[in-house]
Amino acid sequence: MATYLLEHRHTAPKLCVSLFVFLFFVVGPITALSVGEARLVRSNTVAKVEVEDYTKYYNYVEMTRLLKFMAMKYPYIANLSSIGQSVQGRELWVMRITKDPNADVPGKPKCKYVGNMHGDETISRQVLVYLVNYLLTRYGEDPRITELVTSTDIYIMPSMNPDGFERSREGDCSGDAGGRSNAKDMDLNRSFPDQFDKINVQQEDVPEVTAVIKWILEKKFVLSGNLHGGTVVASYPFDDSASHKMQGYYSSSVDDNLFKHLALTYAKNHPVMRTGEPKCPDTPDETFEDGIVNGAKWYDVPGGMQDYNYLNGNCLEITMELSCCKFPPASELKKEWDYNRESLIAYLEQVHIGVRGYVNEATNGTALPDVSIVVAGINHNLTTAKFGDFYRLLLPGTYNVSAVATGYMSMTVVGVQVVEGKATELNFTLAPLGNEPTGGITVPFTTTTVPTTTSSSTPQEPIQPQDFRHHHYNDMELFLRRYSNRFRSIAHLYSIGKSAEDRELYVMVISDNPTVHEAGEPEFKYIANMHGNEVVGRELLLNLIEYLCHNYGSDPEVTQLVNTTRIHIMPSMNPDVCVGSIWYTGRNNSNNFDLNRNFPDQFTTITEPRQPETIAVMNWLKSYPFVLSANLHGGSLVVNYPYDDDKQGRTEYSKCPDDKVFKQVARSYSQENALMHKGHPCEDLYPSAFFEDGITNGANWYNVPGGMQDWNYLNTNCFEVTIELGCVKYPKAQHLPMYWDQNRRALLQYIHQVHRGVKGMVIDIRDGTGIPNATIMVEEINHPITTNLAGDYWRLLVPGTYHLTASARGYNSVKIYATVPEEGVELVDFRLTRVRSEPNGQAPKDPGATQDPAEEQFHSFIKDLSLGQGLEQLVQSTATESSFRYRRYKELSEFLRGLTLNFPKITSLHSLGQSVEYRTIWALEISNKPDEPETAKPKIRLVGGIHGNAPVGTELLLEFAAFLCINYDKNPTITRLINETRIIILPSINPDGRELAREKQCTSTVGMTNAHGKDLDTDFFETRAVMDLILERGFTLSVALDGGSLLATYPYDKPVQPVENEETLKYLANVYASNHPKMHLGDTGCPSNGQMGNIPDGVLRAAERQSHMGSMKDFSVDFGHCPEITVYTGCCLFPPAEQLATLWAENRKALLSMLVEVHKGVRGMVKDKSGKPIVGAMIVLNGGVRVFTAEGGYFHALLAPGNHNIEAVADGYQQQRQEVVVSSYEAASSIIIEFDMDNRIFGLPREFVVATAAASMTALVVTACIIWCVCSAKSNQQKDGFHRLRQHRDDYEDEIRLGSKKSLLSNEFQDESESDEDTLYANANKL
């Protein structure tokens, strides 16, 4: 029995193991099934552009693409342009490399390299492309390259003969393939005008030469290199001689030694050239001493380019032959680049030797172009460029240098010392010919003074102002115009607006480049005569203009200030007080308001209407990146600094975060005014008054709410103080010279303060472009400043060590420690990296991958319009003739039809439906394909006339439509915007009301409603035709124009409605307002309708203006999933037609900004894994706002700058998430969302459900198996037990029959532990 039971115990585990093996192979694969996750990837699928590709030559197409790529990647130092075309129409590309490559500025000599003049000499083409990349990529990292690019204007033309290159053949060392000449079979290096012979060529046969000649004459290059192939040597002028002896005749120029020096500079840095033994296979015995040779001595070349440069273009050029083989295998490219790299750089650096300087007119300081610079003993003159600047390359030595110009006295400086290295500075001022001697002026050269027209070497005292009198308005205007005209090179007059009586608020800007902001150069301003009867400041600023203009170029301090600072001077902010020669006694403007109590205040609500002078100044301050300012007053003698008031309105010290800085700049002025610094002003009038060091905190003196200096500090980057110039507000004219003497040094010293603290750039580390509106924070000083449009910033600080943080939306912040010196400024640049994220938190894939070139170009296009003066320049370049009038319905319809007839390719007119009185509600589409859906393009809706009594919006939209159409194919920017955008214009959606309204009714409600008396902005469901258009979806942005105020509002109109996407909606309204000259100032200024007060930035949530239900704006957001803003164009609902031109001028830039803004945010495409677009997928923005994909799976959503979360949801697919970064100045980056099928079960991931189910099933089967095994074993044991029990019973019965009780008793009382049989017996008894 025991053996039988043991056998069955081993059988059950074997069966269990078999089941486990079954489960492992069957259930295991089920649990291993997983669902691939959807991928969210950028659309930048174009392969990375390889720049330094040494494995191949770039053909024309590849080179063009590469140069464009580099120009777009480094726009702050690179600009690509074409100077003309080849015979076959290929562009002659030139890459300009310098800091600020889009502007011509004085002080930077121009140099150039030209390659591939002979099409089959190809090494030059490649190494110049490599050189472009080398300079661009090492700028900002390699100090040598940074200095070279910053101080030099470099032009690189990789291929002058692209047609010839395309015909050439790799490996052709001798040029047998025929690519040397251009497509007309003309040798370009025999086609230039020659000094010894007439070169008979037709211009149409050598367009390449014609283009280069024009380029040379226009640019006035200083140094040049012409790169060839066929041997290894540097050749210098002259290239031919009068005898045209074929070889052996040395044809020297008067600058022969200089040319040899330049050629040696290149040769000695080239490992093969410097040996003088190129060992070319076809001329193995040819040698060149030191690797250089006179061109004509080598062989005669008439019509060569290098001689033309020297004789006609101010430019010294040599020719570099780079390789024995003209078109060597591409495997040689890396070696050739290594051979030439140092030579190319060293040669460029030679442009900075010799003498350099400026020639100015002596009486007014204007720059004199085309003045001859003559070096005694060297019969080769050059002429000054347009800024009066010149660069004369010379070897070390002593020279006599003259400046000679027709109509001026010549001037000679003797003993000019030229040393090795950087050029000697040498400036000339030429006096017009008059009664002076005609023999000219000779002065000795000194290293400590700037040469002047006097014969003495003693430093000349600055020229002092002579014009001391009180200037009334007309007198002042003539003064400013006179100096602006006479000193045009440094002075520029402009107006910031008009006074209450329509007088111009003039500003004179004085700088070496007065009309543009130069990145890195701070902007400074002086303002005077804010109070009309405080006139000393007005006269002092006119004196300062006179002083700066007359002493520029001769006085070192003035010259330095003007060259390094852009100084804005407003002599009179309140010009109405002076009429004729009679001065009013009042300080206020002509509306009798105190302008220094009229600015928005941080502690007090200013209830007086904002004055035109105040509005103009506020607008001005937000338009320029001012750093430091002073407001000149009168009535005491002290410098007063912020704050000017406090919360309680008490006279007590009101400290601002930059209190130490303000004390420093205030003392800089007071210390230079001896009387002020004593601190006891007006002792006769105020004997007890005392100001320590001549400075005071404004509120500690007396409380001034609504002051200008506090507004400067709190709303701009500008630090301003108020300077009280004297106790007498309107002194006699005879005392004005005394005021000038007291304040001259102080006025100059205060300007110097703008160069204190830290300054620098905040740039994108990816492409080196500046980041606008980045924030610079100084630890423990709660006053952030922001970067300008170019990414430059200035932060005034007192000496010390600071912890600076630069941050910008979409970028990781950077912290830097900086130490501000006792004198001067510390340069601190920040390089920020973008915040990037990928699906599932993965690392970004291929960060070096580039966009499609077309998309990259469009991004650059949008960025150019978003930064700097892009939009403003567009407005200025697209002026159109307009005749403004109000159009009733019939004329409006005819006007729209006229647009479609005149511009059929870009317009399409549709009827949306009819009004109550059966007038058609028109929709005009403007696009390059107006009858095609083009769902991939953003779609903007512009709506006017919702209120018939406010028709300004209608007229503005009609003019905007005409403006766009007229400029299409005429202006490239407008053309591009139309090509990339679908513009839908609804000029009048309430034509019935418009017919009832009447002109010049500013507040009348007649015509406000439709013919049923319904206000369409409170009963929008009345406008079924427009509702249907909105419900089509597909719109990216909507702008509605209305009237009755001056602000922009955003949803919602309905009260107590949470705004899910408020940040974006408010941002869009801000964009419009900020591009409007008045709206962004926030002064609604509508007393006629009770809407007065200051609205921050001119933007308000609609419900805060007037809450109501049923608005078009709310319907657009809720049902059309499209953000809409409403713009109120002016206080008067129906102004006179004469005002329409002004209203158009005010709104044109803002309307254009909407066409730019609609391309931002985030856009993309949703598709499944097979590539099929998914229509109707829901894109959830930041967990709230929803947009839906259109045909083709496209979507586009506008978002405020910053980081945003995107969720993509579609029925039957897995939900996807990603974080995107949106910029305020970049076009929307395209993303592609790929969906996998949704395999979720009960809302849980399929992997989890399957794994859980499999595990549960496994556990269940295993449990069942165990139970079965146990039960099986027990069953067998029980069966055996019962069988034995029956045997016992049989034995027991036998024993009874036999009468044996002993046996029974012995079994009955046996120990249960002694045998299994007894245990089974006991169990059986229990059963």
Side-chain angles (χ1 to χ4, degrees), residues 51-52 67 69-80 95-113 127-156 222-223 225 265 269 337 340-353 356 391 421-423 425 512-513 517-522 563-564 755 758-771 774 787-788 790-794 804 806 814 816 818-819 821 824-833:
V51 178
E52 291 189 2
L67 292 174
F69 166 75
M70 289 191 285
M72 287 188 290
K73 187 174 182 181
Y74 302 96
Y76 59 105
I77 55 169
N79 175 267
L80 182 66
M95 184 72 85
R96 184 184 184 189
I97 300 176
T98 188
K99 188 176 180 183
D100 195 8
N102 298 305
D104 271 336
V105 296
K108 292 195 288 189
K110 299 179 187 295
C111 56
K112 63 181 168 71
Y113 277 129
V127 297
L128 288 184
V129 174
Y130 299 151
L131 177 63
V132 168
N133 179 65
Y134 187 83
L135 295 174
L136 296 180
T137 56
R138 280 157 181 76
Y139 177 80
E141 298 179 359
D142 184 330
R144 182 189 184 193
I145 299 302
T146 303
E147 170 65 20
L148 180 64
V149 171
T150 301
S151 61
T152 319
D153 204 355
I154 305 168
Y155 295 76
I156 298 175
V222 179
L223 183 64
T265 299
N269 287 289
W337 167 237
N340 286 278
R341 181 174 56 246
E342 178 58 28
S343 294
L344 290 165
I345 301 299
Y347 185 76
L348 288 176
E349 291 171 330
Q350 294 305 298
V351 79
H352 294 287
I353 67 172
R356 57 178 288 171
Y391 312 87
K422 283 212 165 189
E425 296 284 339
D512 60 342
N513 196 7
H517 170 73
E518 297 180 81
E521 185 170 286
N563 285 343
T564 59
H755 297 283
V758 294
K759 72 170 187 176
M761 296 284 296
V762 179
I763 59 178
D764 188 323
I765 198 169
R766 180 188 64 178
D767 58 12
T769 57
I771 302 173
T787 57
N788 186 38
D792 46 344
Y793 77 92
W794 305 262
L804 307 178
V814 170
I816 294 177
T819 299
V825 64
E826 180 74 4
L827 182 63
V828 180
D829 291 335
F830 294 89
R831 299 166 67 86
L832 305 190
T833 55

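Each residue takes its place number in the sequence, starting with 1.
Looking at residues two or more places apart in sequence or on another chain, you find no salt bridge (Lys or Arg N to Asp or Glu O under 4.0 Å) involving Asp512. For Pro109, the side chain to side chain contact (heavy atoms under 4.5 Å, CB included) criterion is met by Val222, Val351, His352, Arg356, Tyr391, not counting sequence neighbours. Looking at residues two or more places apart in sequence or on another chain, you find a side-chain hydrogen bond (donor to acceptor under 3.5 Å, both in side chains) between Asn79 and Asn102. In this view, Thr819 and Thr801 satisfy the side-chain hydrogen bond (donor to acceptor under 3.5 Å, both in side chains) rule, not counting sequence neighbours. The side chain to side chain contact (heavy atoms under 4.5 Å, CB included) check on Asn788 picks up His517, Pro625, Asp792, with sequence neighbours excluded. Scanning for side chain to side chain contact (heavy atoms under 4.5 Å, CB included) contacts around Thr98 gives Arg96, Pro101, Lys108, Asp153, with sequence neighbours left out. For the side chain to side chain contact (heavy atoms under 4.5 Å, CB included) test, residues two or more places apart in sequence or in another chain that qualify with Ala78 are Tyr74, Met95, Leu136. Taking the side-chain hydrogen bond (donor to acceptor under 3.5 Å, both in side chains) definition, one finds that Glu518 meets it with nothing, sequence neighbours left out. Considering only residues two or more places apart in sequence or on other chains, Asp142 meets the side-chain hydrogen bond (donor to acceptor under 3.5 Å, both in side chains) condition with none of them.
Between the CG atom of Leu135 and the CD1 atom of Ile97 there is a distance of 4.5 Å, given to the nearest 0.5 Å. Here the CD1-NZ distance, from Ile154 to Lys110, works out to 11.5 Å after rounding to the nearest 0.5 Å. Gln350 CD to Leu223 CG: the interatomic distance, rounded to the nearest 0.5 Å, is 8.0 Å. Atom CG in Leu67 sits 9.5 Å away from atom CD1 in Ile156 (nearest 0.5 Å). Atoms CG and CD1, on Leu832 and Ile763 in that order, are 8.5 Å from each other to the nearest 0.5 Å. Distance check, rounded to the nearest 0.5 Å: CG of Leu131 to CZ of Arg341 gives 10.5 Å.
Between Tyr139 and Lys99, the closest heavy-atom pair is OH-CD, 3.9 Å. When every heavy atom of Leu80 is checked against every heavy atom of Ala71, the shortest pair comes out as CB-CB, 3.8 Å. Shown here for Gly760 and Leu827, the closest heavy-atom pair between the two residues is CA-CD1, 3.8 Å. When all heavy atoms of Thr146 and Gly140 are compared, the pair lying nearest together is OG1-N, 2.8 Å.
A donor-acceptor pair is defined here as one N or O able to donate and one able to accept, closer than 3.5 Å; such a pair exists between the side chain of Ser343 and the backbone of Asn269. Using modelled atom types, one side-chain atom of Asp829 and one backbone atom of Met761 make a donor-acceptor pair closer than 3.5 Å. Distance alone, capped at 3.5 Å, places no donor-acceptor pair between the Asn133 side chain and the Val129 backbone.
Taking 4.5 Å as the limit, some side-chain heavy atom of Leu348 sits within range of a side-chain heavy atom of Tyr113. Counting heavy atoms from C-beta on, the side chains of Phe830 and Leu804 come closer than 4.5 Å.
Note on residues 344-353: pairs passing salt bridge (Lys or Arg N to Asp or Glu O under 4.0 Å), not counting sequence neighbours, are Arg144-Glu349.
The aromatic rings of Tyr134 and Trp337 lie perpendicular to each other, with more than 60° between the two planes, well past the 30° mark.
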